[in-house]
Amino acid sequence: MPEADSRDDKDFHVEIPPPEQGYFLKGSGAYDWGMKNRLARIFRPDSGRTVMLAIDHGYFQGPTTGLERVDLSIVPILQGADALMVTRGVLRSTIPPTHRGGVVVRASGGPSILKDLSNERIAVDVEDAARLNVDALAVQVFVGGEQETQSIENMTKLVDAGYRYGIPVLGVTAVGKELTRDARYLGLATRICAELGAQIVKTYYVAEGFERVTAGCPVPIVMAGGKKLPERDALEMAYRAIQEGAAGVDMGRNIFQSHAPAAMLRAVASVVHDGADPDGAYELFEELAGSAVPV
Ligand code: R5P
């Protein structure tokens with residue numbers, strides 16, 4: 001049994017960018033046309049980044065605050081995001097098929113918030129994903145969790161299925177309550193997702209060592225939002241993640257639970273795509289929020 005490699009002197013060469021591969025996204029040069037085209041619907045080729053709006057929470061926690069009526073709270077602000085992360089149920093029932101942004105469909109599920117969340121199965125057939133014309137499939141990976149192997153198998157099966165149709169997979173690193181959310185853990189979890197085939201990885205921001213997490217992951221990392229923070233703090237977190245190598249954000253509650261979700265989306269986009277700093281982005285938020293008409 002190999003020993004865990006917990007040395008502290010690993011060198012991620014964070015100052016050296018990854019090699020150019022003839023495609024704008026890190027580690028993505030060898031994919032087929034269809035997969036590259038789908039990735040370009042999620043990540044903007046001009047900035048190489050994405051603002052993904054996550055509204056898939058209902059798949060395990062039902063009607064989440066802010067998502068009680070997706071038709072009223074989310075549909076009107078959809079155009080502010082580059083991509084939407086959503087369940088296929090809400091996609092079919094509520095998102096207009098005229099929507100032109102990227103679509104990432106939640107493809108794992110099973111347990112509710114009342115049970116062991118790591119006990120997920122694959123919840124979408126790849127043929128249905130192709131029928132829905134989705135741009136990526138998202139799957140939760142519980143490294144160190146009770147059902148670690150099963151969740152990783154969910155991901156690798158989706159990666160195999162995705163390659164048949166040119167659909168990339170977004171591996172979402174889920175951190176159980178009993179695990180420490182630090183750079184060492186996230187470095188382990190994100191790298192496992194990429195090594196086993198995920199073309200995009202979603203993970204949390206950590207104040208210490210996040211640049212080592214992004215440098216050590218050979219494919220793009222998008223920052224997860226997490227629980228609702230004051231808007232200024234959420235913008236600061238997004239700013240830092242981008243400065244430290246994230247290729248975008250995938251935020252939910254910090255956008256749709258804001259008192260001005262459209263303004264927050266625009267402010268996040270200014271950080272991700274336009275190089276705004278937290279002060280500039282917050283100023284923009286306040287200005288837009290002040291003129292916002294409540295939905
Ligand atoms: C859970 O782990 C999911 O990926 C989410 O339901 C969602 O994407 C979380 O978004 P946020 O934490 O930004 O509200």
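As the structure lists them, so they are numbered: ligands from 1, and atoms in each ligand from 1. Because only heavy atoms are used, hydrogens play no part in the values below, and waters and symmetry mates are left out as well, while side chains stay in. No experiment lies behind these values; they were computed from the predicted model shown.
- Atom CD of Glu287 and atom CZ of Arg266 lie 10.5 Å apart (nearest 0.5 Å).
- Below 4.0 Å from some heavy atom of Arg106 lie the following atoms of ligand 1, by number and element: 3 (C), 4 (O).
- Listed by atom number, the atoms of ligand 1 under 4.0 Å from Gly225 heavy atoms are 13 (O).
- Near Ala54, meaning under 4.0 Å from one of its heavy atoms, ligand 1 places the atoms 7 (C), 8 (O), 10 (O).
- Proximity of Val222 to Leu170: side-chain heavy atoms (C-beta onward) are separated by under 4.5 Å at one or more points.
- In this structure the side chain of Lys115 never reaches within 4.5 angstrom of the side chain of Phe60, judged on heavy atoms.
- Among pairs with a residue in residues 199-217, those fulfilling side chain to side chain donor-acceptor pair (under 3.5 Å) read Tyr163-Gln199, Thr173-Thr203, Lys202-Asp250, Tyr205-Glu244, at least two apart in sequence or across chains.
- A salt bridge links Arg44 with Asp46; the closest basic N to acidic carboxylate O contact falls under 4.0 Å.
- Ranking the protein heavy atoms by distance from atom 13 (O) of ligand 1 puts Gly252 N, 2.8 Å first.
- Grouping the Ile, Leu, Val, Met, Phe, Trp and Tyr side chains by contacts below 4.5 angstrom, directly or via other members, places Trp33 apart from Leu39.
- Asp56 OD1, 3.3 Å is the protein heavy atom nearest to atom 5 (C) of ligand 1.
- Below 4.0 Å from some heavy atom of Arg253 lie the following atoms of ligand 1, by number and element: 11 (P), 12 (O), 13 (O), 14 (O).
- Scanning Lys202, Met251, Lys228 for the heavy atom closest to atom 8 (O) of ligand 1 points to Lys202.
- Ligand 1 is never approached by Ala174 to a heavy-atom distance shorter than 4.0 Å.
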Go through the steps for Gln140 and Ser108 under the test side-chain hydrogen bond (donor to acceptor under 3.5 Å, both in side chains), then give the verdict. CA-CA 6 Å; Gln140 217 75 358; Ser108 64; 4.9 Å; no

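- Here Arg7 pairs with Asp9 under the side chain to side chain donor-acceptor pair (under 3.5 Å) rule; sequence neighbours left out.
- At least one N or O atom of Gly226 sits closer than 3.5 Å to an N or O atom of ligand 1.
- Closest to atom 2 (O) of ligand 1, if we only count protein heavy atoms, is Gln140 NE2, 2.6 Å.
- Counting protein heavy atoms only, atom 9 (C) of ligand 1 is closest to His57 NE2, 3.4 Å.
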